[in-house]
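Contents: one structure, followed by commentary.
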2 protein chains.
Amino acid sequence: MDSEIQFNELLQFFKAMADGNRLKIVGLLSQKPHTVEQLSILLGLGMSTTSHHLSNLAKAGLVEARTDGHYYLYSLRQDTLQEMSQRLLKQDTLPKLAVAVDEQAYDRKVLKTFTDEEGRIIAFPSQLKKYQVLLRYVVKAFEPGIHYPEKQVNDILSRFHDDTADLRRGLVEFKLMAREGGGGAYWRLED
Amino acid sequence: MDSEIQFNELLQFFKAMADGNRLKIVGLLSQKPHTVEQLSILLGLGMSTTSHHLSNLAKAGLVEARTDGHYYLYSLRQDTLQEMSQRLLKQDTLPKLAVAVDEQAYDRKVLKTFTDEEGRIIAFPSQLKKYQVLLRYVVKAFEPGIHYPEKQVNDILSRFHDDTADLRRGLVEFKLMAREGGGGAYWRLED
DNA sequence: AAATCATTTCTATAATTATCGAAATGTTAT
DNA sequence: ATAACATTTCGATAATTATAGAAATGATTT
């Protein structure tokens, strides 16, 4: 859903700007590009910390690095900042933020319909949207960052439904989990 | 300081918006006012938690409550949101964010690294920016408006480093000093 | 290829923030 | 006033985020 992207984009933007040191970085970069070392000295932070802040800002599309001879030069992407500010001024942006609420309510309703009290799946919905709701629910049983052998994946999935193969296939198909090479391990993907 | 207020106001604004549940609240309130209870049900949060989020938004001036019959009705202050977005679009807002930074910290750090207790240069930095810091430091030994013959220039520069030729060349190259004609005198330039 | 320098990633810890349940406060209607 | 109800504050815990130092990576020069 499009407004889902909107929501996450805006949230990431605000989170990126919601730190004093990152705000200062934005201010400094609005004047001219700086290297990581320069910024860390100006802010009185470790270089690794500064690097972390910069990658946070970069993920939100607010800064970019260009390699310049001996060092990297970070600069501000004014266009992203403008685009975000203007989006806030648009009439229809705010109401769309509430769509995420409806989605959630929708998810709850689907889960209530297709799972029992113990959280097991009663039946597979025929509607794709509802099927995906179930998959998002199931994938939460896996820790991000951990690699699970297929046997363990099946063990975990069997807590939700006997047709573990169907669930496994769905999780991979809709990119909630990934698989290593041929018969390798599975792991959970971020959003 | 005025820009100090600017900074904290903006930071508070971003912090207020940097939470998924608060963003959803803003979205919901942009459609119509809600009570704490309504919001907490829609978001699936405890009422105390919702109240906490609302007070956070209120502190940033983004929502306000008016008492209506039996309940409180929270509504969005669109004007604050507009004012903040527009501020981000203004040319001079961003540069001001850097005022909180100690601009001279960088120069001090470089000087500390590359000069000894007596102020002599220990080594020439490879980074151009740092080299320029040293040059700006050295050039202060010359009075503006006075013309120095090359011999005297070398005498003064030798207080900082034996390689006076390097320093002389750097000072001219980066337009901190200028030279008259062929073998004439040097003088300090104003930035 | 080795050496040097800037940056990033990793690992661990400190600080901040979100959350809930219970108790306290405030508001409206009787 | 008091009863009934909505909201806030308090106290404690869970989750997230900021931070630094060490090790790994990437890029440039010799």
Side-chain angles (χ1 to χ4, degrees), chain A residues 8 11-26 29 33-60 63-75 104 140 143-146 190-191, chain B residues 8 11-26 29 33-60 63-75 106 109-110 113-114 123-131:
Chain A
N8 287 325
L11 182 55
Q12 192 169 40
F13 166 67
F14 285 123
K15 284 193 171 184
M17 302 287 277
D19 176 90
N21 282 321
R22 284 197 292 273
L23 257 197
K24 288 177 190 169
I25 288 176
V26 168
L29 294 186
H34 289 73
T35 67
V36 179
E37 188 183 24
Q38 290 170 339
L39 291 172
S40 70
I41 291 171
L42 285 169
L43 298 171
L45 296 175
M47 280 188 293
S48 63
T49 304
T50 307
S51 176
H52 170 257
H53 283 311
L54 284 167
S55 85
N56 190 327
L57 288 166
K59 230 182 268 174
V63 305
E64 65 187 352
R66 82 163 192 279
T67 154
D68 173 273
H70 215 43
Y71 12 61
Y72 281 73
L73 273 183
Y74 273 91
S75 53
Q104 205 173 291
K140 287 180 188 161
E143 290 292 328
I146 294 184
E190 311 297 328
D191 335 334
Chain B
N8 288 324
L11 183 54
Q12 192 169 39
F13 166 68
F14 283 123
K15 283 194 172 183
M17 302 287 277
D19 175 89
N21 283 320
R22 285 198 291 273
L23 256 197
K24 289 176 190 170
I25 289 175
V26 167
L29 294 186
H34 288 73
T35 68
V36 179
E37 189 181 23
Q38 288 172 336
L39 290 172
S40 70
I41 289 172
L42 283 169
L43 298 171
L45 296 175
M47 281 189 293
S48 63
T49 305
T50 308
S51 174
H52 170 256
H53 284 313
L54 284 167
S55 86
N56 191 328
L57 288 165
K59 228 181 273 175
V63 305
E64 64 187 352
R66 81 164 192 278
T67 153
D68 173 275
H70 216 43
Y71 333 72
Y72 281 72
L73 273 183
Y74 273 92
S75 53
Y106 180 72
K109 175 102 186 282
V110 171
T113 306
F114 290 95
F124 286 109
S126 60
Q127 272 190 41
L128 184 59
K129 288 226 158 189
K130 295 180 180 174
Y131 181 56

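Letters A, B, ... are given to chains in the order of the sequence lines, protein chains preceding strands, and every chain is numbered from 1. All values reported here derive from a predicted model rather than from experimental measurement.
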Margin query: Walk along nucleotides 14-25 of chain C from 5' to 3' and tag each nucleotide B, S or - by protein heavy-atom contact under 4.0 Å, base first, then sugar-phosphate.
Written below: ---SSBBBB---
Spacing between [X] atom [atom1] and [N] atom [atom2], to the nearest angstrom:
{"X": "B:Leu54", "N": "D:dT9", "atom1": "CG", "atom2": "P", "result": "11 Å"}
{"X": "B:Ile41", "N": "D:dT7", "atom1": "CD1", "atom2": "C1'", "result": "14 Å"}
{"X": "A:Gln38", "N": "C:dT7", "atom1": "CD", "atom2": "C1'", "result": "13 Å"}
{"X": "A:Leu73", "N": "C:dT7", "atom1": "CG", "atom2": "C1'", "result": "13 Å"}
{"X": "A:Arg66", "N": "D:dG26", "atom1": "CZ", "atom2": "C1'", "result": "18 Å"}
{"X": "A:Glu37", "N": "C:dT8", "atom1": "CD", "atom2": "P", "result": "12 Å"}
{"X": "B:Ile25", "N": "D:dT7", "atom1": "CD1", "atom2": "C1'", "result": "14 Å"}
{"X": "A:Gln12", "N": "D:dT17", "atom1": "CD", "atom2": "P", "result": "11 Å"}

If every non-hydrogen atom of [X] is compared with every non-hydrogen atom of [Y], which pair is closest and at what distance?
{"X": "A:Arg22", "Y": "A:Leu57", "value": "CD-CG, 3.9 Å"}
{"X": "A:Ser40", "Y": "A:Met47", "value": "OG-CG, 3.3 Å"}
{"X": "B:Val63", "Y": "B:Leu54", "value": "CG2-O, 3.7 Å"}
{"X": "A:Leu11", "Y": "B:Met17", "value": "CD1-O, 4.1 Å"}
{"X": "B:Tyr131", "Y": "B:Pro125", "value": "N-CG, 3.5 Å"}

Notebook entry, point to check: What does B:Ser55 touch in the nucleic acid at a heavy-atom separation under 4.0 angstrom: a base, only the sugar-phosphate, or nothing?
Noted result: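 It contacts nothing in the nucleic acid.
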Next item on the list: Go through D:dT9, C:dG26, C:dT9 for me and flag the one nearest to the B:Tyr72 side chain.
Entry: C:dG26
Margin query: Under 4.0 Å from OP1 or OP2 of D:dT8: is there any side-chain N or O of B:Tyr74 that close?
Written below: yes
Notebook entry, point to check: With sequence neighbours left out, what residues match B:Lys130 under salt bridge (Lys or Arg N to Asp or Glu O under 4.0 Å)?
Noted result: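 Here the qualifying residues are A:Glu37.
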Check: Does the side chain of A:Lys24 reach to within under 4.5 Å of the side chain of A:Asn21, using non-hydrogen atoms?
Finding: yes
